[in-house]
Amino acid sequence: MQPVEAPGPAVLSKPLTVTVVGVILILLVRRLHWTLKLRKLERLYSCESLRNENGSFRYDFLGIAKAIELAFHFRRRSSLPYTNALFKKYGETYASNVLSYRLIFTCSAENIKHLLSTAFADFDSSPLRKPLFEPITPHGIFTQDGAGWKKSRDQLRTRLSNLRKIVDLDQCERHFQAFLQHVPPNGQAFDAQACAFALALDMQTLFSLGESVDALSFSQSREKKQFLTDLLFVKETIVQDGFRGPLRYLYPKQRFLQCCKRARRYVIAHVTRQLKERSSMSEKAEGVSPGRDCSTEDEQVSLRADQALSILLANDSMSTTLSGLFFCLSHDKRVVHKLRASILDAVGLAPPTWGQLGSLHYVRWVLQEVMRLFPAVVFNARVANKDSTLPTGGGTDGNSRVLIRKGEIVVFSTWARHRLGEDFGENPEEFYPERWEHLNGDMIGFIPFNKGPRACPGQHYAMIVLTYLVARIFQTFSTVSNYNTHDWTERISMTLENENGVFIGLS
C-alpha cells in the first residue's frame, strides 16, 4: 500500500486564497450597499454628502488603522492637536470609519447647538456612557436618557437651585485657608494643579456627601485616602475605556470593579447617615413616629448615592479652570496686575460678600477666557436614536445639511470649537481676557458647561465658588512666578490636566 502524501503548500493555499478573496468581496458588496442606501436617504432628506477622512485610511474598510491611530495619539498626549489638524484639513465637520462605525466629527457651532438643543430628542448619550458608568452609578444621570434622565436631572437642579443656601462663603473661606497651607513662602515653586484638584475635591465631597474627603489635609484618614484612590482610578478607567471603544472588553476589569464596589459602599454609608440624621430631626420637630417603609428607604439611599457619585464623577470645571488659570497667569504679568487691581478696587482686602461677587467683572472675563482655552470637557458625543440631520457640513462648500443615520455617533470637540472658532475674534488660541468685553457667555460657540437640556446643572455654583476663590487668591498675592520647564501637555481624564503639572510661585 502506497503512503498517502500530505497536500503541498500550493494545494493548501488555494482554499485560503478563495476565503480571503470571498471575505474582501463580501465587505466590498456590503460597503457598496451601505453607500447606495446612504445616497438614497440623503436625497430623501435633501442632504449632501459629507467629506470623508481619506489619505492613509482610504482602504481601511474595517477602520482598524484609524482606531490604532486614535489610540496612538491618546497615549502620546497629542489627541487635541491631532484632531485640530484634521478639522483644519477637512473642515468643521467630516466623517471617519472607526472599527466599522461611521463617526462624524464636528466643531461647528451650528451643528453643536443642533445636537444639544434644536434636535436634542434625536440624539442620546447613554448608549455610549452606560457601559462605562453603570458599575459605579447604575441609575445615575450618565447612564440614562428619556424619563429616567429627566427625573435625575430635575432632582439635581432642585438641589442646586438655591445657591445662597448651598454656597456657604464661610466654608469657601475655610477651604481657601486650607489651600494656603500648601503655598510655600517667598514665591517658591509648588504644583498648583495638584493643590487645585485637591481643593475642588474637598469642596465637591462636602457638598455631595456632607463631609469633605480632606484631600488638602496633612492628616487625612486611611478610609478617606482609600476612597480617593478608588475614585481616581475609576475616573481614569472610564476615560480610557471611552477612548478604547469596543476594544475595552479586551482589558482586565477586576481592579476597576473592586474600586467601584468600595467607592459606592463608602458613599452609601455617608448618604445613609445623612438621611437618618435628617429623618431624626424631622421626627423630633414634627413628632412623627419612627415607622418607615424599608424598601422606599433603600431606593432613596440608592438614588442619593447615584446623585452623589454623579457629582463626584462629573468633569470638574473648578480644578481644570484653576490649574489653567495659574498656567495662563504665570505667562502674563499684565493680566495678573490688572486682575489684582480690579479686585482691590471693587472689594478691597476683606473677603468678598455675596453682593460684591457680581461686581467682579474682570474676574469673570478671566475665568471665561480660561474655560475657553482649557475646557473641562474637550470631547463629547451623541448617538442618533433615529435618522436625523446636521444643519451644515455637506457639499463641496460644507454649507449643506448632512444625513445622520440611526445608530451613528457624532463626536463634537469643545477644544477645537473654542480655539478654531472665528467668533472669538482675532488670535483665538491666545489668552486675552479683554475679548469678553465684546462677547457673551451665552454665545452658541462657547460650551464649557454644554448647552441645552443637558447643560451642567452646577455651572452657576461653579462660577460663584471660582469667583470667590480667585478674588481671595489675588487679594492675598500680587505675583505669579513661572517655574514650568515644559510646554503644556494634555492629560485627558475626567478633568483636563497638564501632564507636566503647573509649577508656579505665589508671592
Side-chain angles (χ1 to χ4, degrees), residues 38-39 41-54 66 70 79-80 82-98 101-129 145 242 315 371-372 375-424 428 439-456:
L38 179 65
R39 298 293 175 262
L41 286 170
E42 284 175 343
R43 290 192 295 272
L44 178 65
Y45 288 95
S46 301
C47 297
E48 292 194 36
S49 297
L50 181 63
R51 181 178 292 188
N52 285 285
E53 185 180 355
N54 48 35
K66 176 63 179 179
L70 288 171
S79 296
L80 300 176
Y82 168 68
T83 51
N84 274 23
L86 292 177
F87 283 123
K88 290 177 181 177
K89 180 178 181 180
Y90 296 109
E92 290 190 341
T93 306
Y94 67 91
S96 188
N97 177 26
V98 182
Y101 290 93
R102 182 179 183 245
L103 266 62
I104 292 85
F105 291 88
T106 187
C107 66
S108 158
E110 195 173 349
N111 283 346
I112 294 171
K113 178 186 176 184
H114 187 78
L115 279 172
L116 300 179
S117 300
T118 313
F120 173 79
D122 292 358
F123 297 90
D124 294 331
S125 62
S126 65
L128 297 171
R129 293 177 174 180
D145 283 299
N315 293 287
M371 288 178 176
R372 186 183 69 83
V377 188
V378 289
F379 295 112
N380 217 321
R382 297 290 186 268
V383 181
N385 56 39
K386 58 191 286 190
D387 289 341
S388 188
T389 63
L390 292 179
T392 68
T396 55
D397 59 2
N399 293 325
S400 299
R401 289 205 302 173
V402 173
L403 176 71
I404 306 296
R405 294 189 61 186
K406 181 180 179 179
E408 288 186 337
I409 300 170
V410 183
V411 179
F412 60 96
S413 172
T414 308
W415 177 271
R417 179 67 241 156
H418 287 179
R419 286 174 174 256
L420 302 181
E422 295 179 356
D423 41 347
F424 292 105
L439 297 176
N440 189 327
D442 292 328
M443 60 190 294
I444 63 171
F446 184 57
I447 48 173
F449 296 105
N450 260 352
K451 286 276 197 293
R454 276 195 181 267
C456 174

Hey, does [Y] have a side-chain heavy atom less than 4.5 Å from the side chain of [X]?
X: Leu390; Y: Leu115; value: yes
X: Lys113; Y: Ile447; value: no
X: Glu408; Y: Ile104; value: yes
X: Thr83; Y: Phe105; value: no
X: Ser125; Y: Asn380; value: no
X: Lys451; Y: Ile112; value: no
X: Val377; Y: Asn450; value: no
X: Leu80; Y: Phe379; value: yes

Roughly how far, to the nearest 0.5 Å, is the [atom2] atom of [Y] from the [atom1] atom of [X]?
X: Tyr94; Y: Leu50; atom1: OH; atom2: CG; answer: 10.5 Å
X: Leu420; Y: Phe87; atom1: CG; atom2: CZ; answer: 8.0 Å
X: Asp423; Y: Arg417; atom1: CG; atom2: CZ; answer: 4.5 Å
X: Asn84; Y: Trp415; atom1: CG; atom2: CH2; answer: 7.5 Å

### Query
Are there more than 12 heavy atoms of other residues, nucleotides or ligands under 6.0 Å from atom CZ of Phe120?
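Yes, the 6.0 Å shell around CZ holds more than 12 heavy atoms from other groups.
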Which pair of non-hydrogen atoms, one from [X] and one from [Y], has the smallest distance, and what is that distance?
X: Tyr82; Y: Lys66; value: OH-NZ, 2.7 Å
X: Thr93; Y: Gly393; value: CB-CA, 4.0 Å
X: Ser117; Y: Gly452; value: OG-CA, 3.5 Å
X: Gly421; Y: Pro428; value: O-CB, 4.0 Å
X: Pro127; Y: Val383; value: CB-CG2, 4.2 Å
X: Pro391; Y: Asn111; value: CD-OD1, 3.1 Å

Is there a donor-acceptor pair closer than 3.5 Å between any side-chain N or O of [X] and the backbone N or O of [Y]?
X: Ser79; Y: Leu70; answer: no
X: His114; Y: Thr392; answer: no
X: Asp387; Y: Lys406; answer: yes
X: Lys89; Y: Glu53; answer: no
X: Arg372; Y: His418; answer: yes
X: Asn440; Y: Asp442; answer: yes

### Task
May I ask you to say whether Asp124 pairs ionically with Arg129, meaning some side-chain N is under 4.0 Å from a carboxylate O?
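Salt bridge flag = no for Arg129 with Asp124.
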### Partner of Phe123 by side chain to side chain contact (heavy atoms under 4.5 Å, CB included), out of Lys386, Arg382, Arg454
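Running side chain to side chain contact (heavy atoms under 4.5 Å, CB included) over Lys386, Arg382, Arg454 with Phe123 returns exactly one hit, Arg382.
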#### Entry: From CA spacing to verdict: side-chain contact (heavy atoms from CB on, under 4.5 Å), Leu403, Arg401
CA-CA 7 Å; Leu403 176 71; Arg401 289 205 302 173; over 6 Å; no
